[in-house]
Structures are given as C-alpha cells and as structure tokens.
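See below for the structure under consideration.
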Amino acid sequence: MARYNFRAVEKKWQEIWEEKQIFKTSNDFSKPKYYALVEFPYPSGEGLHVGHPRPYTALDVVARKRRLEGYNVLFPMGWDAFGLPTENYAIQTKIHPAVITERNINRFREQLKSLGFSFDWSREVNTTDPAYFKWTQWIFLKLFEHGLAYKKEMPINWCPRCKIGLANEEVVDGKCERCSHQVETRVKNQWMLKITAYAERLINDLELVDYIERVKVQQRNWIGRSEGADVIFKIKDTEETLTVFTTRPDTLFGATYMVISPEHPVLEKLKDRITNVPEIAAYQEQARKKSEFERSQLVREKTGVPVEGLKAINPVNGMEIPIWVSDYVLMTYGTGAIMAVPGHDQRDWEFAVKFGLPIVEVVAGGDITKEAYTDIDEGVMVNSGFLDGLDVKSAQKKIIAWLQEKGLGVPKVNYKLRDWVFSRQRYWGEPIPLVHCEKCGWVPVPEEELPVRLPQVANYEPTDTGESPLAKIRHWVETTCPKCGGYAERETDTMPQWAGSSWYFLRYCDPHNDQALASKEALDYWLPVDWYNGGMEHTTLHLLYSRFWHKFLYDIGVVPGPEPYAKRTSHGMILGENNEKMSKSRGNVINPDDVVAEYGADTLRLYEMFIGDFEKSVPWSTEGVRGCKRFLDRVWKLMDMVIPGEAYRPELEAKMHQTIKKVSQDYESLKFNTAIAALMTLLNDVYHTGSINEAELKTFLILLNPVAPHITEEIWERLKFGGMLNEQSWPTWDEAKTVEKTVEIGVQVNGKLRGTIEVNVDDPQEAAREKALANEAVQRALDGKTIVKEIYVPGRIYNIVVK
RNA sequence: GCAGGCGUGGCGGAAUUGGCAGACGCGCUAGACUUAGGAUCUAGUGGGCAGACCCCGUGAGAGUUCGACUCUCUCCGCCUGCACCA
C-alpha cells in the first residue's frame with residue numbers, strides 16, 4: 001500500500017465537496033433541523049491563528065455527526081469585518097479599508113477551506129457588505145423608534161497624542177494601545193442603547209437556556225441585580241430631598257450620616273447654603289482628575305469632605321445627620337447618594353472610623369467596635385424602635401411597608417449593568433442612519449433609503465476635535481430632512497463592532513433576502529441556534545448584546561422566540577509551546593498553514609481535538625502533532641488488513657459497541673480528547689488482532705470521519721464501500737453488547753490489591769471466591785489470618801477482610 | 001477581600017452513584033529492520049528494589065469506610081469570576 005499522500009487526498013475531497021455542494025444546507029423545512037454556530041472571525045491581516053480551528057473543528061464534528069444522523073444542518077461562516085485594525089492599517093497605507101477587508105477575507109476563506117470544514121459557503125455573510133448592514137441599520141432604527149436609542153453626554157477615552165477617541169479595548173493600563181500616551185477622559189454626546197430596560201429579562205431568561213454554568217454566573221454578575229428600597233431623606237430647612245438606594249432598609253435606624261458622590265447635582269443646587277464651597281470644589285476637582293483607571297483600582301483609603309451648612313433628617317427617627325461627599329459613592333449607580341450605616345456596612349464603617357462619625361448598632365450579634373456586622377441570617381434588631389426584636393428579613397418587610405405607607409420610600413431593584421455606548425467616532429463602521437434637523441430634531445433615514453453607505457474618501461485620518469472622520473466629508477454630511485425637507489446633517493458617528501455581530505446568526509438563515517433581514521419561514525424553522533460555541537471573552541459583551549437585540553426583535557415580532565441560543569459552550573485558548581500566550585513578540589506563534597502543509601488538515605484537526613480538555617487552555621506541542629499524524633498513518637494501513645465480514649467478529653464485538661457508545665457520547669459533551677483516545681484504543685486492539693473486517697472498518701471510519709473527514713472518505717472510496725462516507729448513517733450500539741462476557745477483576749485483602757482473577761460477569765460469588773482463594777498472591781496474604789468478611793462486587797472487585 | 005473551581009507520572013491528560021490509579025498520546029529506554037534514521041515495527045516505562053516478592057504513591061494532614069483520586073474537616077498552592085455597585 002502506498003504511503004498516505006495527504007496533500008493530494010485532502011485537495012481532492014475539498015474539491016469534490018465543493019463541486020457537489022455536499023454541505024449546502026437544504027431549504028427543505030420538513031426535515032428535522034440542527035443549527036450549529038461558531039463565532040465568526042474578524043478577518044485580520046495576520047491570517048488564521050491556530051486558536052481558530054479549535055472551536056471550528058469541535059462544531060464541525062457536531063455538524064458532521066448530525067448530518068449522518070439525518071438532520072438538515074445549518075453550519076455557516078462569515079466575517080465580522082468592521083473594526084479598528086483595518087482602519088488603522090488603512091490610515092497608514094492609504095488603501096481603502098474595504099479593499100483591505102476583501103483581501104483579508106479571501107485569505108481567511110482560503111485558509112478555512114484548506115481545513116475541510118463543512119460550512120455552507122453559499123450562506124457566507126459579511127458585516128461590511130451594504131446588503132448586510134442595511135439590516136443592522138434597520139434594527140437600529142427600530143430600536144430608535146421604540147425609544148431604546150438615545151443620545152447622552154458620556155465620557156470617552158481620548159488620546160491627546162493620536163487625537164483620537166479610543167474604544168475601551170484600545171486602552172491598556174490607562175494608556176493608548178498604539179502610542180502609550182496617558183489616556184484622558186473627554187465628554188462627548190453619544191448614542192446609547194437602553195439595554196438596562198432588558199436587565200431583568202436577561203437574567204431571568206437564563207433559566208430557559210442551556211449555557212455552561214460559568215457563562216451564566218458571569219452574565220448574572222455583570223448585570224448585577226440587587227433588591228432593596230429607595231428611601232427619601234429631607235434636607236433640613238430646604239425643600240430638597242436626597243433619595244438613596246439601599247439593600248438594607250432594615251438598618252435605617254443605624255444611618256448616622258449620608259454620603260453623596262462628588263458629581264451629585266444637589267451640591268450645585270444648594271450651593272448658596274453650603275458654607276465650605278471651596279473645600280468641596282477642591283475635592284470635586286481631585287475626583288475628576290482621577291482617571292477611570294485609578295478609580296477602578298481596588299480598595300483605596302477612603303477620602304471625603306463634609307458638606308457644611310446642610311443636614312439631612314433620618315425619616316424614621318427624625319435625627320439630624322451630617323452629609324459628606326466622597327468618591328466611594330458612584331454617581332453612576334443607584335441615586336449617587338447613600339445612607340451610611342457604619343455599624344453594618346464595612347465601607348461606611350471604615351469611613352466613620354476615619355472621620356470620627358458615630359457608629360450605632362441596630363442588629364445585635366457582632367462586635368461593631370471591631371468591624372461592621374453584616375450578617376443577615378442570625379442578627380436581631382435593636383435600637384430600632386418598632387423593629388426591635390425582629391430578625392433582619394422580617395424587619396426589611398416591615399420597614400418597607402412602613403416607608404411606603406408614609407410616602408418615604410418604595411421597593412426598588414437596581415442593576416450594575418449600564419446602558420450600551422453605541423457611538424464610535426470612526427470611519428470603518430456602520431453609519432448611524434439618522435439625520436439631525438434644526439426643526440425636527442433627530443429623524444430616521446427612511447427605510448427605503450437604507451443602507452446609508454460610507455462615503456468614498458481619500459483618507460481616514462481622525463479630526464483634531466475627536467469627531468468622526470466622516471464629519472469632514474461635508475457633501476456626505478449635508479442633506480435634507482426626510483420630514484420637513486429642510487437642511488439637515490447626517491449623524492457622523494458610526495456603530496461599534498458589536499453591532500453587526502449582534503444579529504448575524506439571523507442572517508445566515510436567509511442570507512440573500514432583500515426584503516427582510518431574513519424570511520419569517522426561515523427564522524421560524526432554524527431558530528433558536530441549537531449549539532453556539534465561542535470564547536469566554538465574549539460572555540459579557542457580544543453574548544449579552546445579542547441576547548438583548550434578540551429579545552427586542554422578539555418583542556416587535558421579528559423572531560419566533562425570546563432567546564437566540566439554546567446552548568452555549570466555550571473553548572479554552574491554545575498557548576505557545578512555552579505555555580505563554582501566543583504572540584509575535586513572544587516568538588511562539590504557530591501558523592496553521594505550516595501545520596497543514598507539513599502534516600495535513602486531518603492531522604491538525606485531530607490534534608486540536610486531542611490536545612486536551614476542550615474547555616481549558618493548553619500549550620501547543622509539535623511532538624503531539626506528530627503523534628496524531630502517526631495515528632492517521634496507522635489508520636491508512638488498515639487497508640492492508642481488511643478481510644471480508646458483514647458483522648463484527650466475536651472477539652471485537654464488545655469493543656466495537658463500547659467504542660460506538662463512548663465516541664457518540666463524548667462528541668456530544670465536548671470530550672473530543674477521550675473520544676479520540678477510544679478510537680486509538682480500538683485501533684491498537686485491531687493491530688493486535690492483526691486484521692479488521694469490513695463491518696468493523698466501516699464503523700471505525702464513520703466514527704473518525706467528523707474529526708478526520710478527508711482520510712476517512714478516501715479509504716471508504718478505495719475499498720469501494722459504496723457511495724460516499726458522508727451519505728452513511730451514524731452507527732448505533734447495543735447496550736447489552738457493550739459488556740464483555742469475562743472480565744478480569746482485582747482481589748483485595750484488607751483493601752490492598754493482591755492479585756487479579758478472570759471471572760464471568762454473571763458468576764455467582766461462590767465461583768469468584770474459589771478463583772480468588774486459588775490465587776497464589778492472595779494465599780500468601782491470607783496465610784495465618786482469619787477471614788472475617790468477604791465483599792464481592794460483580795465485575796469490579798473481590799475484597800477479603802482478615803484479622 | 002468575597003464566591004466558585006482545580007491540584008493525579010518527565011509532559012498533555014484518563015478514571016468520581018467509592019471498587020485493579022495513571023486509559024490514550026507525547027517523551028524516554030531497549031531491541032528489530034536498515035548504508036543511515038529525526039521513518040517504521042516490537043517490548044518496556046509512577047517511585048523505591050536485582051526482583052514475577054514487598055513497600056510507597058493522586059498538593060499536605062486528619063477522618064468516615066471492607067475499600068477513598070472520588071465523601072467530610074483543616075491547611076497550602078494555582079486558576080476563574082466579582083471587587084468601594086450601597
């Protein structure tokens with residue numbers, strides 16, 4: 001048998017699959033469907049990374065298995081192609097980003113095709129294609145119509161050297177990623193999307209989906225729901241009030257002062273009554289200067305100044321309490337003001353100790369001279385008037401009812417989640433399809449005029465003012481108001497990269513539709529995505545954003561269900577051989593093209609699946625790749641060992657059924673490494689047997705096919721097994737036949753292994769006992785001892801307890 | 001700091017309704033074939049030991065059990081998430 005020529009074989013099958021459109025998804029909506037999805041890549045100039053094929057192969061395995069199981073499978077691929085690297089490269093080279101994008105996409109597509117993925121390439125989408133982003137803009141307009149898009153003053157990251165607004169991901173340790181200059185904050189009017197309106201549903205509906213637990217946990221943390229009450233405090237001798245959000249209304253009697261954030265508007269409003277304005281102004285200035293980076297540093301020493309001239313009234317006991325300003329209270333969460341209960345909140349406790357403020361115990365059970373007592377399960381209310389003697393939970397109910405009755409408070413739920421800053425002052429993104437008219441305000445571009453395309457320009461340099469480069473293109477900016485026909489200007493901000501990826505999986509269902517983002521029939525049939533695999537780094541941004549858009553589209557009747565993805569899993573990273581993150585600067589980058597050229601696509605696929613636990617990071621190993629190549633060479637040589645036979649031979653029957661079971665189950669649960677190990681074990685057994693019959697080989701090839709599709713098709717063809725492998729059915733196993741008739745079990749004496757015996761699985765204890773006692777090593781261990789007890793677990797162990 | 005998870009050979013990793021620890025692969029050792037071998041094949045490979053005896057061994061220590069990688073407690077280390085969110 002000739003050596004396996006993987007180059008020729010892989011090329012041959014890739015051409016056949018393409019020519020015969022083997023993996024083209026059928027539009028026959030009567031068949032059972034399966035929608036397998038992987039995150040579409042950003043087609044960078046670097047080309048494919050060895051990290052990409054890991055998740056792609058994993059779901060390719062699932063997709064190929066599903067086809068063999070008779071499903072109509074949608075397994076698509078596309079390009080998330082708007083983005084900064086392309087734009088920056090365009091600025092440097094003066095080449096249009098669309099040209100660069102096309103070049104990069106062609107490279108990526110070719111690389112992916114060389115790996116033999118079973119994508120339906122006829123459904124490819126590209127977020128930068130006007131026919132695609134027309135619908136991105138359309139969704140934005142729907143959000144705008146429903147009041148979920150609004151404009152607001154928001155701080156952005158600004159690099160004074162590059163004179164450019166930076167996305168958060170371009171800011172590294174508070175510095176500009178490109179020039180390392182300290183990033184400043186600039187306030188700009190930004191488009192925002194009201195994702196907070198969906199916070200509750202984004203949490204609750206996690207119950208409807210099958211996501212790995214760490215994804216759910218991360219989303220819940222990110223949304224950060226907390227229940228409590230808004231409580232109104234009067235400011236003495238004024239008409240003003242301060243509303244605070246608290247999760248511990250039960251401790252209201254222990255509120256001995258209030259703290260407001262430096263940005264709190266009451267400071268401006270009551271300026272005339274405040275007697276230490278300069279001191280406060282100085283503190284505000286100090287807080288303002290702290291960059292986002294410094295502010296996010298963990299637990300610093302608390303700082304603050306009192307607001308002199310103002311006193312608040314504690315609504316439960318009428319006590320006058322001081323008001324302080326401190327930057328540990330954030331304007332962006334709750335109301336920007338808190339009631340401080342130093343006895344039962346550690347932050348307030350630290351603050352009170354530092355500034356000598358009174359600490360009152362209202363929940364007995366701890367020692368508040370040492371630290372705040374924050375327990376809510378054991379404590380009993382004290383010093384709290386009508387709450388005394390209650391446990392914390394009952395006190396909470398009672399005080400909220402009391403506050404509501406008096407009009408001093410209401411139950412309230414708060415979220416850490418903020419609205420989504422949707423503007424970018426950049427060129428290479430979807431234009432926001434709105435025009436601003438002096439008379440009519442913000443007016444949507446009419447649907448029939450979509451898409452709003454990017455103007456062709458000579459260069460993409462940002463402006464000095466932090467405006468989008470589009471602002472300079474006057475002939476594009478200046479337009480007429482669709483409503484009144486008067487002069488109007490286009491919005492020059494573009495959308496963030498997260499826009500196009502928030503709905504791309506919908507487009508795959510019906511990618512060439514020019515009447516709708518996809519037809520209703522296609523969406524009804526294909527949704528939800530049955531299995532979506534992607535990186536953990538997308539859990540709180542992309543995944544949450546796309547769930548939000550999907551819920552909105554569900555609300556306006558565009559999609560059939562409230563959740564886009566039925567199941568979400570995540571893969572680990574592939575590290576360099578030195579166990580560090582792969583990067584050019586570390587010099588440990590492995591190029592998949594090189595691996596394919598030297599070992600072949602099947603080997604790369606096999607290796608990436610065998611490399612280790614799919615969900616964990618693993619270092620690359622060139623030696624490991626060779627081992628996988630060796631395995632495939634051994635598979636190839638099976639052709640020299642084939643003998644006729646339409647049924648599994650008795651000596652391999654149990655092994656065959658065991659392997660079918662193991663591989664079938666492991667492919668479903670991300671345990672590709674053990675599935676492949678099982679196939680390797682079977683191959684070793686076959687080699688020891690010296691031959692493999694046709695029935696055994698057919699099953700073996702089908703099981704291996706999803707991971708190594710080229711070599712298995714080739715062998716199938718050469719042995720004339722009939723048709724193509726991809727037209728066969730997934731093998732089934734018979735549970736009863738997975739059990740070997742005789743097994744070797746261990747014999748223990750006092751729990752220590754002394755020997756092994758071979759027994760029939762259904763042997764009674766007596767038969768096993770006889771064999772166990774006949775064992776030489778066992779006899780030695782029993783010598784001179786008295787048997788106290790014997791434990792026999794059929795098929796597992798025979799344990800003899802002696803004295 | 002809080003929450004969750006994980007610690008198994010030289011390496012990646014198997015095995016948990018408690019039942020022969022180290023599957024599978026890499027690496028390594030010896031041998032075969034060979035002009036050669038970084039190809040291929042065969043055998044071996046947790047440690048100690050000359051050894052088919054025996055002893056030790058799943059981060060450390062204790063406990064439950066006939067029996068513990070698996071269950072319980074304490075400690076150590078690593079990873080992930082959250083981190084002034086009231």
Side-chain angles (χ1 to χ4, degrees), chain A residues 3 213-215 217-222 224-226 228 231 244-249 251 255 258-259 261 295-302 326-330 332-341 344-348 350-351 374 414-418 536 539-540 577 579 606-607 610-613 616-628 630-631 633-634 637 662 671 673-684 687 743-757 776-777 780-781 788-802:
Chain A
R3 235 181 115 75
E213 197 52 31
R214 56 194 172 129
V215 169
V217 166
Q218 226 168 299
Q219 291 216 341
R220 283 196 199 101
N221 283 342
W222 189 260
R225 181 183 197 275
S226 52
V231 182
V244 302
F245 172 71
T246 177
T247 55
R248 295 292 305 276
T251 61
M258 299 187 79
V259 188
S261 96
R295 279 252 202 168
S296 65
Q297 285 298 290
L298 54 148
V299 222
R300 309 180 316 264
E301 175 88 351
K302 301 251 180 311
S326 174
D327 65 2
Y328 84 89
V329 173
L330 311 172
T332 44
Y333 182 78
T335 62
I338 62 158
M339 63 178 212
V341 184
H344 306 284
D345 180 288
Q346 191 57 27
R347 294 154 301 178
D348 298 343
E350 282 164 22
F351 193 83
T374 56
N414 248 306
Y415 304 94
K416 281 200 281 184
L417 183 71
R418 314 280 164 79
M536 279 310 287
T539 301
T540 49
E577 297 212 62
N579 224 331
L606 181 73
Y607 175 64
F610 185 63
I611 187 168
D613 184 336
K616 292 198 187 121
S617 300
V618 263
W620 185 266
S621 158
T622 300
E623 296 300 337
V625 178
R626 285 204 196 104
C628 288
R630 233 173 341 245
F631 169 72
D633 285 337
R634 278 158 65 83
K637 286 187 203 145
K662 177 81 180 151
K671 291 162 142 185
N673 53 337
T674 48
I676 292 163
L679 288 168
M680 289 174 167
T681 307
L682 178 58
L683 184 75
N684 290 343
Y687 265 69
V743 281
E744 203 177 66
I745 66 166
V747 181
Q748 298 181 332
V749 177
N750 283 350
K752 282 190 175 164
L753 185 74
R754 294 298 166 182
T756 57
I757 53 171
E776 210 179 300
R780 253 198 312 276
V788 181
K789 190 175 173 185
E790 286 169 60
I791 295 128
Y792 177 51
V793 183
R796 293 289 185 185
I797 203 85
Y798 198 100
N799 190 10
I800 303 167
V801 185
V802 297

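Order of the sequence lines sets the chain letters (A, B, ...), proteins ahead of strands, with each chain counted from 1.
Judged by distance alone with a 3.5 Å cut-off, a donor-acceptor contact links the side chain of Lys302(A) to the base of C84(B).
G77(B) and G13(B) have their P atoms separated by 23 Å, given to the nearest Å. Nucleotides G9(B) and U45(B) have their C1' atoms positioned 10 Å apart, rounded to a whole Å. When the C1' atom is compared between A14(B) and U8(B), the two are found 10 Å apart, to the nearest whole Å. For the C1' atoms, the distance from C69(B) to U80(B) is 23 Å, rounded to whole Å. Here, C28(B) and G12(B) have their C1' atoms 16 Å apart, quoted to the whole Å. Only the P atoms considered, G59(B) is 16 Å distant from A15(B), to the nearest whole Å. One P atom belongs to G5(B), the other to A86(B), and the distance between them is 23 Å to the nearest Å. Comparing the same atom, P, in A68(B) and in A62(B) gives a spacing of 14 Å after rounding to whole Å.
Applying the 90° cutoff around 0 to the glycosidic angle, G9(B) is assigned syn.
The separation between Arg248(A) atom CZ and A86(B) atom C1' is 11 Å, rounded to whole Å. The separation between Arg780(A) atom CZ and C54(B) atom C1' is 9 Å, rounded to whole Å. Rounded to whole Å, atom C1' of C82(B) lies 13 Å from atom CE of Met536(A). If you measure from atom CG of Asn579(A) to atom P of G12(B), you get 8 Å, rounded to the nearest angstrom. Atom-to-atom, CD of Gln346(A) to C1' of A83(B) comes out at 14 Å; the value is rounded to the nearest Å.
Residue Lys637(A) has its side chain nearest to C41(B) when only G12(B), C41(B), A86(B) are considered. For Ile338(A), whose side chain is taken as the heavy atoms from C-beta onward, the closest listed nucleotide among A14(B), A86(B), C53(B) is A86(B). Closest approach to the Lys416(A) side chain among C82(B), G19(B), C56(B) is made by C82(B) (side chain taken as heavy atoms from C-beta onward). Looking at the side chain of Tyr333(A), the nearest of the listed nucleotides C84(B), C41(B), A86(B) is A86(B). The side chain of Asn221(A) approaches C82(B) more closely than any other nucleotide in the set C82(B), G13(B), A15(B).
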Do any N or O atoms of the protein come closer than 3.5 Å to N or O atoms of nucleotides 64-66 of chain B, and which pairs are they?
residue : atom : partner   : partner atom : Å
C66(B)  : O2'  : Asn799(A) : ND2          : 3.4
C66(B)  : O2   : Asn799(A) : ND2          : 2.4

Please write out each protein N/O paired with an N/O of nucleotides 22-26 of chain B under 3.5 Å, distance rounded to 0.1 Å.
residue : atom : partner   : partner atom : Å
G25(B)  : OP1  : Asn684(A) : ND2          : 3.3
C26(B)  : OP1  : Arg630(A) : NE           : 3.0
C26(B)  : OP1  : Arg630(A) : NH2          : 2.8

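Consecutive Watson-Crick or G-U pairs involving RNA chain B, each under 3.5 Å on both distances, make up stems of three or more pairs at B:1-7 with B:76-82, B:10-12 with B:24-26, B:27-32 with B:40-45, B:46-48 with B:54-56, B:59-63 with B:71-75.
Looking at heavy-atom distances under 4.0 Å, Thr332(A) makes no contact with the nucleic acid at all. At a threshold of 4.0 angstrom between heavy atoms, the contacts of Val618(A) are confined to the sugar-phosphate backbone, with no base atom among them.
Of the two residues contacting RNA chain B, namely Tyr687(A) and Gly746(A), the nearest-nucleotide position lying further toward the 5' end is that of Gly746(A).
Interatomic distance, OH of Tyr792(A) versus CD1 of Ile745(A), reported as 5.0 Å (0.5 Å rounding).
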task: Kindly indicate, with the supporting measurements, whether the criterion side chain to side chain contact (heavy atoms under 4.5 Å, CB included) is fulfilled by Ile338(A) and Tyr328(A).
output: CA-CA 10 Å; Ile338(A) 62 158; Tyr328(A) 84 89; 3.7 Å; yes
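In summary, the side chains of Glu577(A) and Thr622(A) do present a donor paired with an acceptor at a separation below 3.5 Å, with no hydrogens or angles considered.
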